[in-house]
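Here is the structure we will look at, set down as structure tokens.
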Amino acid sequence: MKELARAYNPQETEDRIYQLWEKSGFFNPDVLIKNKVIKKTANPFSIVLPPPNVTGALHMGHAAMLAVEDILIRYHRMKGERTLWLPGTDHAAIATESKVEQILQKKEGETRHDLGREKFLSQVQQFAKESHDAIIHQVKKMGASLDWSREAYTLDTERSLAVKTAFERMYKEGLVYRGDRIVNWDPKMQTTVSDDEIEWKEEQAPFYYLKYGPFTIGTARPETKFGDKYVVMHPKDKRYAKYKQGEKIQLEWISGIISATIIKDDSVDMDFGTGVMTITPWHDRTDFEIAERHNLEKEQIIDQKGKLLSIAGEFQGIHIKKARPLLVEKLKEKGLLKKIDKTYTHRIATNSRGGGIIEPQIMRQWFIDVKKEFSFPHTGLAGIKKGQKTTLKKLMLHVVKTKQVEILPKRFEKIYFHWILNLRDWCISRQIWFGHQIPVWYKGKDIKVGTAPPTEQGWQQDPDTLDTWFSSGLWTFSTLGWPKKTKDFDTYHPTSVLETGYDILFFWVARMILMSTYLIGEVPFRTVYLHGLVRDEQGRKMSKSLGNVIDPLTMVEKYGADATRLSLIIGAAPGNDLKLAEDRVKGYRNFANKLWNIARFIQMNTEDYKEEKNPKLSSKDTKILSDFKKTKQEVTKLIEEYRLSQAAETLYHYTWHTLADKILEDSKEVLENKKTRSARQYVLSMVLQELLRLLHPFTPFVTEELYQQLFLKDKKKNLMIESWPA
RNA sequence: GGACACUUAGCUCAGCGGCAGAGCACUGCAUUCACAUUGCAGGGGUCGUAGGUUCAAAUCCUACAGUGUCCACCA
């Protein structure tokens, strides 16, 4: 046997080991069955990788996700389960498109409209491909044991079929509908945005009090007020009791005398401002809802580029930003401006995907109706019978309430319920080009929905694309072949665990539950494990502008993937954010080296060891073995409970402070003595061998390398598929 | 406005009814010996505050304070 090097060198080791794993084919459960490593009848264990967006490179959050999932996967694989970890990437529609638009703008000063749909899309695809390759490279660097033969992409042919099939089925059920509704319009990116993609920003803005006939109304946005002809107050407000619902009054307004109608509505806050407001239903959600309740007329004031329409009289064609001061001036002249409050702060909606300030608009869009009743079409979902009346909302609540899906940590269940109770219909159409084009064709007033275009002439496909979360909502089963009947689907769905950041609980986790329960009558996963965000030393979010980004690849190059993984696991409770300092990574690099030297010591002292069947163990030897057994059991229990941080820490502590500091020190004497030498050799060799297996899910590279060098006789095998020590 | 989480050593955090713990940092000593990416020893904490439950509370309950996050239609 070759003597081990004096220190562990991850740079020299890791790529070689990863290649060895890939070459063995053992990431693929089918290969394991074929090689009789596991039984075909073994329990399946499956995780579908949350697909990283093809918008650039991986960050520390991705690295943490990969570490957690790889630990679970390697553990279950070693336990002999039929283990599948399926990789893929997400086209991330709006995020990717906006990124390429930015690059285009910077480089060529062009917009996507200058290029045209086809040319622009080919540029996006090029960008997506480069991102994809960089991401896959990084994923492998982290040691992730993913089955690459099953890799998927949210925009590839199979996933497209799944998307179209899902859309068609939901359309036929009436769960997908087209309607004129108020949506979040981003005038900058020229697209709608879902409620969840909005980022609210605090802003101080002047608040204007305007004379509106006998009333005083308050507004932060006078430039939307041109068409206001309804004045709303609370039905119980005594100050305005003399005005009756539906009563009409004449008053002087921006462009002359108008007739305004009195409306009484509960949604008005009597304590805010004067307790009276006028409404702009076309450009404000609350106002829209009031207008719907009272069946009021709605009028568009602002166009899709943010310019005023003819209703604004002499202000027509002026952008709202420029119009405001001009209008305020006019109001002053007409004596309609009573006062300005300059201390007012409010929140403005912005598009979190790199867009501008949201301007609500009433537009014709596609929606998923979450409240509509339908008869449940499947059997086999506990608690809901085939034919039973239900809604998508009820399904989403039901499976979590009945624990068919368990969310860890538990406190997120409450947040999940609350979100669903407030959920509105989901706007799924986007006016962008990169994504799944909506599978709907029009010809005059006729409409066709299906998985393939109509064969006759003259049909025009809807130019819009689907919200990216529509396709990722199908991810757990579209990756397994659905809508085709496949072996993979039968074997691996529902998946065992969905591991992701708590920040996309609503975006994604909820949508997967919606899609899966409706389309196939199964939960998408049994357990949701939510990890926290990786932050910098001071607890700030990592961002390019702050310059505090720690790149996982840099850490891997400097300290090794094993060290990087441990730094992301130890100290990270599920759902809690992790503060990461480079010193910690360094500390775990030292740990890998410590383990290396433990192995080196044992190797140097067991070269003459001949295996004995019944070694004469001293009481100290027995104690070592029984303590080790306790550690094994504890680690196993902790992993089963998803307390990976504890499990890793237990192993860290055992390795360094029990095995190295106590047992090895003690062994130096014991090994000197000819009578006790051989039994101790037996103990050390056995503890090391099993310890490497226990540590393997956490630090796969160093353990594999040591195991290869010290214990593996059959070079066709590797530690990755050895059995978990019982 | 509502909800949730956190508050334990200088820093990061674990412990979640039974003698206050770990890593890093700090101090002193050791070392051609598996490892300086090391070892041994040590200093350092009224477990946010105030009550309550209990034989026993960092741990369970209540209130309060600070910090953070999420949600919400205050024009």
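Residue numbers start from 1 in every chain, and the chains themselves are labelled A, B, ... in the order their sequence lines are given, proteins ahead of strands.
Counting heavy atoms from C-beta outward, A:Leu308 and A:Phe226 have side chains that approach closer than 4.5 Å. Counting only heavy atoms from C-beta outward, the side chains of A:Leu533 and A:Leu578 never approach each other to under 4.5 Å.
Rounded to whole Å, the P atom of B:rU59 lies 13 Å from the corresponding atom of B:rC6. Rounded to a whole angstrom, the distance from the C1' atom of B:rA57 to that of B:rG66 is 23 Å. Taking atom C1' in both B:rA58 and B:rU32, the straight-line distance is 48 Å, to the nearest Å. Between B:rG44 and B:rU27, the two P atoms lie 16 Å apart (nearest whole Å). B:rC70 sits 27 Å from B:rA9 when the P atoms are compared, rounded to a whole Å. Across B:rU7 and B:rC60, the matching P atoms stand 11 Å from one another, rounded to whole Å. Taking atom P in both B:rU54 and B:rA65, one finds a spacing of 28 Å when rounded to whole Å. Separating the C1' atom of B:rC19 from that of B:rC4 is a span of 34 Å, rounded to the nearest Å.
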Under 3.5 Å, which N/O atoms of the protein pair with N/O atoms of nucleotides 41-45 of chain B?
none

Distances under 3.5 Å only, N/O to N/O: pair up the protein atoms with those of nucleotides 18-26 of chain B.
residue, atom, partner, partner atom, Å
B:rG23, OP1, A:His657, NE2, 3.2

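Residues in residues 266-282 of chain A take part in no salt bridge (Lys or Arg N to Asp or Glu O under 4.0 Å) pair, two or more places apart or across chains.
Between A:Lys410 atom NZ and B:rA3 atom P there is a gap of 19 Å when expressed in whole angstrom units. One interatomic measurement links the two molecules: CD of A:Glu12 to P of B:rU37, which rounds to 19 Å at whole-angstrom precision. When the P atom of B:rC33 is taken as reference, atom CD of A:Glu672 falls 15 Å away, rounded to whole Å. The interatomic distance linking A:Leu4 (CG) with B:rC35 (P) rounds to 12 Å, in whole Å. The interatomic distance linking A:Asp666 (CG) with B:rC40 (C1') rounds to 16 Å, in whole Å.
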Donor-acceptor pairs under 3.5 Å, side chain of residues 630-640 of chain A to any protein atom, not counting sequence neighbours: which ones?
residue, atom, partner, partner atom, Å
A:Thr631, OG1, A:Asp627, O, 3.2
A:Lys632, NZ, A:Glu690, OE1, 2.7
A:Lys632, NZ, A:Ala726, O, 3.1
A:Thr636, OG1, A:Lys632, O, 2.8
A:Thr636, OG1, A:Trp724, NE1, 3.1
A:Glu640, OE2, A:Tyr75, OH, 2.5
A:Glu640, OE2, A:Lys79, NZ, 2.8

Only pairs under 3.5 Å count here: list side-chain donor-acceptor contacts from residues 641-654 of chain A, not counting sequence neighbours, and write none if there are none.
residue, atom, partner, partner atom, Å
A:Ser645, OG, A:Gly571, N, 3.0
A:Thr650, OG1, A:Gln646, O, 2.7

Please list every donor-acceptor pair under 3.5 Å in which a side-chain atom of residues 414-423 of chain A meets a protein atom from a residue at least two apart or in another chain.
residue, atom, partner, partner atom, Å
A:Tyr416, OH, A:Met396, O, 2.9
A:His418, NE2, A:Asn422, ND2, 3.4
A:Trp419, NE1, A:Asp196, OD1, 3.3
A:Asn422, ND2, A:His418, O, 3.2

Which side-chain N or O atoms in residues 206-214 of chain A pair as donor and acceptor under 3.5 Å with protein atoms at least two apart or in another chain?
residue, atom, partner, partner atom, Å
A:Lys211, NZ, A:Gly213, O, 3.2
A:Tyr212, OH, A:Asp228, O, 2.8

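Among the nucleotides B:rC4, B:rA14, B:rA34, the one closest to any side-chain atom of A:Ala660 is B:rA34. Picking from B:rU37, B:rG15, B:rA34 the nucleotide with the shortest atom distance to the side chain of A:Gln646 gives B:rG15.
Scanning for salt bridge (charged side-chain N to carboxylate O under 4.0 Å, His left out) contacts around A:Glu406 gives an empty result, with sequence neighbours left out. Qualifying side-chain hydrogen bond (donor to acceptor under 3.5 Å, both in side chains) partners for A:Tyr529, counting only residues two or more places apart in sequence or in other chains: none.
The side chain of A:Lys414 places an N or O atom within less than 4.0 Å of a non-bridging phosphate oxygen (OP1 or OP2) of B:rC4. Distances shown here put a side-chain N or O of A:Lys579 below 4.0 Å from the OP1 or OP2 atom of B:rC13.
Remark: A:Glu413 engages A:Lys403 in a salt bridge, criterion side-chain N to carboxylate O under 4.0 Å.
Side chain to side chain, A:Glu607 and A:Gln603 fail the donor-acceptor criterion of an N or O pair below 3.5 Å.
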message: Once pairs are restricted to Watson-Crick or G-U wobble with both distances under 3.5 Å, how does RNA chain B read as a dot-bracket string, [ ] for crossings and | for other-strand pairs?
response: (((((((..((((....[..)))).((((((....).))))).....(((((..]....))))))))))))....
- line: In 5'-to-3' order, the base (B), backbone-only (S) or no-contact (-) status of each nucleotide in nucleotides 67-75 of chain B, using a 4.0 angstrom heavy-atom cut-off, is ----SBBBB
Where protein sits on nucleotides 6-11 of chain B, one letter per nucleotide: B base, S sugar-phosphate only, - none, heavy atoms under 4.0 Å: ------
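Side chain of A:Asn576 to main chain of A:Ala572: no donor-acceptor pair is present (N/O by atom type, distance under 3.5 Å, no hydrogens or angles).
Backbone-only contact: A:Arg6 has heavy atoms under 4.0 Å from sugar-phosphate atoms and none from a base.
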field: Pair A:Tyr8-A:Leu595, side chain to side chain contact (heavy atoms under 4.5 Å, CB included): steps then yes or no
entry: CA-CA 9 Å; A:Tyr8 173 55; A:Leu595 179 65; over 6 Å; no
